[in-house]
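Here the structure comes first, spelled out in C-alpha cells, and everything after it is commentary.
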Amino acid sequence: LNEFIKKLREDVKYGWYDTKGELREHIDKDLMIEYRNRSPEETLKSGHGLCWDMTEILRDYLETKDVKFQTIFVCINNIMIRHPNHTFTIVEYNDKFYWLEYGMIARLGVHEFDTLEDLKAKIVSIFPEIANKDIPEEYLKDIEFFAYERPKYGIKAIDFFVYAIKGNKI
C-alpha cells in the first residue's frame, strides 16, 4: 500500500484545473466557483489533483482488495464554508486503524494506530499543518470527521463539501 501511495504521488501532482482548463497549483479564492472534481481516470490522465481527487483513485484501488476502508472528509465545524478541510482514507485491518495519506508530502504513506480515536487525535493535532495555516486553538475542538461514499464527478467544491458532510459522522 505504501508503494501504491508513493506511485500515486509520482503520477499525480498537487493542483487543480479551473473551468477554463488552466492549471492552478495552489488553493485560492476561485476554488469554490472554478473547481470541479474529477473521476480517477481524468485525474490520472491530467497528472494533477487535490486530496479530494486522489481519494477517489485510492477508493478504486481499495475496492479491488479485501479490506474494510472509509473515505474521510475532515473540517472545522464552526467555519462557515468548512475550509480548511482535507480528505484521506482509513483502513481497518487486524484490529488496527491505518491512515493513508497521499495529499501531504511530509506525511505521505501509511500510519498505524491502535484505535480510531488515536487516529483522529493525531489528525486534530496536525490540522494546522494540514491546513497550511495557523488555526486558533479553540477551533481545533470543533474538528469533525465524516465518512462519505463516492461523490458525483464534475461537481463544484461547495457541492462536494455539502455532499461530504452528509456522510456518517465518525
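Bear in mind that the values here come from a model prediction, so they are computed numbers and not experimental data.
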Search all heavy atoms of [X] against all heavy atoms of [Y] and return the closest pair with its distance.
{"X": "Val12", "Y": "Gly49", "answer": "CG1-N, 3.5 Å"}
{"X": "Gly103", "Y": "Arg9", "answer": "O-NH1, 2.9 Å"}
{"X": "Pro40", "Y": "Tyr153", "answer": "CD-OH, 3.5 Å"}
{"X": "Ile155", "Y": "Asn37", "answer": "N-OD1, 2.8 Å"}

Under a 3.5 Å cutoff, is there a donor and acceptor pairing between the side chains of [X] and [Y]?
{"X": "Arg38", "Y": "Thr43", "answer": "no"}
{"X": "Thr19", "Y": "Tyr35", "answer": "no"}
{"X": "His48", "Y": "Tyr14", "answer": "no"}
{"X": "Ser39", "Y": "Glu41", "answer": "yes"}

Connected via hydrophobic side-chain network under 4.5 Å: [X] and [Y]:
{"X": "Val74", "Y": "Met104", "value": "yes"}
{"X": "Ile170", "Y": "Ile126", "value": "yes"}
{"X": "Met54", "Y": "Leu23", "value": "no"}
{"X": "Val67", "Y": "Tyr102", "value": "yes"}

How far apart are the C-alpha atoms of Arg150 and Asp60, what are their side-chain angles, what is the distance that settles it, and do they pass the salt bridge (charged side-chain N to carboxylate O under 4.0 Å, His left out) test?
CA-CA 10 Å; Arg150 185 183 304 273; Asp60 275 2; 2.9 Å; yes

Say you draw a straight line from [atom1] of [X] to [atom2] of [Y]; how long is it, rounded to the nearest 0.5 Å?
{"X": "Leu31", "Y": "His26", "atom1": "CG", "atom2": "NE2", "value": "13.5 Å"}
{"X": "Phe145", "Y": "Leu116", "atom1": "CZ", "atom2": "CG", "value": "8.5 Å"}
{"X": "Cys75", "Y": "Ile143", "atom1": "SG", "atom2": "CD1", "value": "9.0 Å"}
{"X": "Ile165", "Y": "Glu144", "atom1": "CD1", "atom2": "CD", "value": "8.0 Å"}
{"X": "Asp11", "Y": "Leu44", "atom1": "CG", "atom2": "CG", "value": "7.0 Å"}
{"X": "Lys122", "Y": "Glu117", "atom1": "NZ", "atom2": "CD", "value": "16.0 Å"}

Hey, do the aromatic rings of Trp52 and Phe161 have their centres closer than 6.0 Å?
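Centroid distance Trp52-Phe161: below 6.0 Å, so yes.
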
Are Arg107 and Glu129 within salt-bridge range, i.e. N to O under 4.0 Å?
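Between Glu129 and Arg107 there is a salt bridge, with a charged N closer than 4.0 Å to a carboxylate O.
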
Ion pair Glu34/Lys29, N-O distance below 4.0 Å:
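No, no charged N to carboxylate O under 4.0 Å.
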
Could you walk me through whether Arg24 and Asp28 satisfy the salt bridge (charged side-chain N to carboxylate O under 4.0 Å, His left out) test, starting with their C-alpha distance in whole Å, then the side-chain angles of each, then the deciding distance to 0.1 Å, before giving a yes or no?
CA-CA 8 Å; Arg24 309 279 188 102; Asp28 61 33; 2.9 Å; yes

Leu100 vs Ile5, side chain to side chain contact (heavy atoms under 4.5 Å, CB included): CA-CA, chis, key distance, verdict
CA-CA 8 Å; Leu100 310 184; Ile5 291 170; 3.9 Å; yes

Set out, in order, the CA-CA distance, both residues' side-chain angles and the distance that settles side chain to side chain contact (heavy atoms under 4.5 Å, CB included) for Tyr163 and Ile158, then state yes or no.
CA-CA 9 Å; Tyr163 176 77; Ile158 189 66; over 6 Å; no

Reference residue Lys96; test side-chain hydrogen bond (donor to acceptor under 3.5 Å, both in side chains); the match among Asp118, Asp114, Thr115
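Only match with Lys96 under side-chain hydrogen bond (donor to acceptor under 3.5 Å, both in side chains): Asp114.
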
Is there a side-chain contact between [X] and [Y] in this structure, where contact means two heavy atoms from C-beta onward sitting under 4.5 Å apart?
{"X": "Trp99", "Y": "Thr89", "value": "no"}
{"X": "Lys156", "Y": "Met32", "value": "no"}
{"X": "Phe73", "Y": "Phe88", "value": "no"}
{"X": "Glu56", "Y": "Pro151", "value": "yes"}
{"X": "Tyr17", "Y": "Arg36", "value": "no"}
{"X": "Leu62", "Y": "Leu1", "value": "yes"}
{"X": "Thr71", "Y": "Thr87", "value": "no"}
{"X": "Ile72", "Y": "Phe146", "value": "no"}

Quick check against the 3.5 Å criterion: does Asp142 have a side-chain atom that pairs as donor or acceptor with the backbone of Ile76?
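Such a contact is absent between Asp142 side chain and Ile76 backbone.
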
Hey, can you tell me if Phe4 and Tyr61 have their rings parallel, tilted or perpendicular (30° and 60° cut-offs)?
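Rings of Phe4 and Tyr61: parallel, as their planes differ by under 30°.
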
Parallel, tilted or perpendicular: which fits the ring planes of Tyr98 and Tyr93, with parallel below 30° and perpendicular above 60°?
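Tyr98 vs Tyr93 ring planes: tilted.
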
Output, in order, the C-alpha distance, side-chain angles, deciding distance and verdict of salt bridge (charged side-chain N to carboxylate O under 4.0 Å, His left out) for Lys45 and Glu42.
CA-CA 5 Å; Lys45 184 177 178 183; Glu42 291 170 316; over 6 Å; no

